[in-house]
Enquirer: 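Quick one: the structure is below, questions incoming.
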Amino acid sequence: EDPSLLVRFEERQGTLPGDVRVRMVRPSRNAFRRIDTGMLEATTATEAPRNARERVTQAVKRLVIGAPLSNIQAEHERLSKFKALAVLSSDAISSVAYATEAILLTLLLAHANLTATLPICLAIVALLAIVATSYLQTIPAYPGGGGSYIVAKDNLGTLPGLIAAASLLIDYILTVSVSISAGVQNLVSLFSSLSPYVVLIDVLLVAFITIVNLRGVRESGTIFAIPTYVFIVSALFMIAVGAVRSFLIAGHPMFSPYHGIVQDQPLALFLILKAFAAGCSAMTGVEAISNGVPAFKKPEPRNASITLASMAIILGVLFIGITMLGLSYGIVPNEAGNPTVISQIAANVFNNSPLAFMYPVFTIATLFILTLAANTSYSDFPRLASLLARDDFLPHQFAFRGDRLAFSTGIVFLAVLAGGLLVIFEGDTTKLINLYAVGVFLSFTLSQGGMVLHWWRLRGRQRGWLRSMIINGVGAVTTLLVAAVISSTKFFEGAWIVVILIPILVLAFMGIHKHYHTVEEERTTGTPVRTGDIRHRLIVPIAGLDRVSRQTIAYGRSISSHLTAVHVAIDSADAEKVRERWKEWQDTLPENEKTQLVVIDSPYRSLARPLLAYIDSVHEIYSDDTLTVILPEFVASHWWENILHNQTALQLKAALLFRPGIIVTSVPQHLPGRTKVKHT
């Protein structure tokens, strides 16, 4: 009575009267574990390969991404604060490697005073403090993950939520591209012979990070934690040593003169805003921790808040320290990006001293942190895509977790898009960075604006609602102004691409959602809902009267006696032969098993079209019946055998797929000796 038992009892008569024994018949493979009545759990036996091809595929897959993880292991995949800082903060922390350079290069190209870099840097750090404080309000309010999409959608509506989601998805893709290109440029600063292979190295690094992330969140955190902390420690060490050597030993002023550099243009407001917009690339990735609260170990909100505060402090200290050293040593950015500003600072600090070995160490650490900065996107892009897929704004495949509990479709999709950008822009960080930060500040604004409305709705019920609302309000206004500044100052340098892409993505989301909604509302099979209302009518196309045809007809007759066999004859001799053999066979059957045959003469030697026309005619006449077409289909043992078989069957299945109200059933044919059958 309970099908989840997967057991059948049969009685067997013994040699003596009354000698009866009951035999239990079970499956030969223990593929399931019974949990409760009507509930089964699939075991690892269901994942076992069935042939040599599957064994090879599984072996390669496990070598690359590891053995599958079960759902109950999801809790163990969560991140500690130590690992989360490496996984979710590497994007923001790594931006100090190019944010100062972006400001200097903007001022240099305008022949403006480079000393304005420090005030701009301090303004960005103040903005960082505002945004980080704002997100510290969001984390406890949305312990399930307070991403911009969720917050904006819940409080401002679906359209603002989709705008935030589109902005973030674009930013995550750009994060991967910019981080890896910047990391490779630092590598080329150390090994100039690698210059011709920049794009190739970029793509290989994307592939490497993709594979690591397919292995799961915890494993990627373990692999990437050490390089992240090596960079943080070595960068802090460089700042400390550099400050001592520059200010105390060498006696450099805060702003060293830039010899040979023309700085005769006044600092116009537009130029200051443009340099500020370029430096705001240091802010990307700040929202990642708020988005990824569910990835933390319990208590999630507390651990996420501590990690966010730690990240903001580290980022602010490193950004100010590197900017001050760059100005003190009079570092001039290279328009070609090689050597980088941070590489020049490290060379001035460590070379010609007992610490010379630290220069290559720091350069390689910078390469690692910039490359690993992409890991923040690999954590948040798939998670955001899964939320959009859950709400029917992206294909549902994005919501499925892979073998290692990671959103594999999102990870692979991100890798393809980021790799494509690196190839198109030839791994040039300067070109890519012009597209950067527009989307992230727009998402900041929508998220903080949503939080303002969230606290307003909780007024009088939530303690401290006014203070929280003011904090998020300041964050919303500030990030809105920054988004406007970045969009206007960078518009003609590439930001227009992002400005256009965001509404295109939103329209795509809405189109996908409309499709899913339409399908859900209108899809039908034409089959009645009540079993008593179903009247079967079956058609069995046959090529001849062989054993397979007879078996297929017998199967159909077991469903309904309203069955018609159909043969399409390409000449009169063929038609007569089939009719004679059919009559001989029918004469051997009892009256209740006889079946009708229709032979269609096809003067133009077409097989599929006359058969489809007959099926359409029957379906039209018997519109209240459920019409099923039963197709015998050969199961090929080798891929090349499909070329020799099933062409007509596949053509019929493809055509019938688009005819509503017609059911297609395949009866597989296996060659003896090629299929192993286990008997119990």
Enquirer: Would you confirm whether Ser447, through its side chain, and Phe444, through its main-chain N or O, come within 3.5 Å as a donor-acceptor pair?
Expert: no
Enquirer: With sequence neighbours excluded, give me every side-chain hydrogen bond (donor to acceptor under 3.5 Å, both in side chains) pair touching residues 311-320.
Expert: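 Sorted pair list comes back empty.
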Enquirer: Is it true that a side-chain atom of Ser246 and a backbone atom of Ala243 form a donor plus acceptor pair closer than 3.5 Å?
Expert: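 Judged by distance alone, no pair lies under 3.5 Å.
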Enquirer: Any chance CZ of Arg302 has more than 12 other-residue heavy atoms, nucleotides or ligands included, within less than 6.0 Å?
Expert: no
Enquirer: Spell out, as yes or no, whether a donor-acceptor pair under 3.5 Å connects the side chain of Ser377 to the backbone of Ile173.
Expert: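 Not confirmed, Ser377 side chain does not pair with Ile173 backbone.
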Enquirer: Is it true that a side-chain atom of Tyr229 and a backbone atom of Phe82 form a donor plus acceptor pair closer than 3.5 Å?
Expert: yes
Enquirer: Just by distance, do the side chain of Arg459 and the backbone of Trp456 share a donor-acceptor pair under 3.5 Å?
Expert: yes
Enquirer: Without swapping roles, check the side chain of Thr478 against the backbone of Gly475 for a donor-acceptor pair under 3.5 Å.
Expert: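 Checked: no pair found.
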Enquirer: Nearest 0.5 Å please: distance from the CH2 atom of Trp465 over to the CD1 atom of Ile470.
Expert: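 Trp465 CH2 to Ile470 CD1: 8.5 Å, rounded to 0.5 Å.
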Enquirer: Just say parallel, tilted or perpendicular for the rings of Phe509 and Phe393, cut-offs at 30° and 60°.
Expert: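 Answer is perpendicular, since the angle exceeds 60°.
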Enquirer: Report the C-alpha separation of Phe237 and Leu355 in whole Å, then their side-chain angles, then the decisive distance to 0.1 Å, and conclude whether the side-chain contact (heavy atoms from CB on, under 4.5 Å) test is met.
Expert: CA-CA 11 Å; Phe237 182 68; Leu355 297 173; 3.9 Å; yes
Enquirer: With a cut-off of 6.0 Å (strictly less than), are more than 12 heavy atoms of other residues, nucleotides or ligands near CZ of Phe413?
Expert: no
Enquirer: Donor-acceptor pair, distance only, cut-off 3.5 Å: does the side chain of Gln344 make one with the backbone of Val332?
Expert: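 Answer holds: yes.
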Enquirer: Is a side-chain donor-acceptor pair under 3.5 Å present for Thr138 with Ser290?
Expert: no
Enquirer: Does the ring-ring contact (aromatic ring centres under 6.0 Å, His included) test come out yes or no for Phe407 and Phe381, once each step is laid out?
Expert: CA-CA 9 Å; Phe407 296 107; Phe381 181 98; over 10 Å; no
Enquirer: Within a 6.0 Å radius of atom CZ on Phe276, are there more than 12 heavy atoms belonging to other residues, nucleotides or ligands?
Expert: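 Count over threshold, so yes.
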Enquirer: Looking at Ser328 and Met324, would you say the former's side chain and the latter's main chain have a donor-acceptor pair under 3.5 Å?
Expert: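 Side chain of Ser328 to backbone of Met324: no pair is present.
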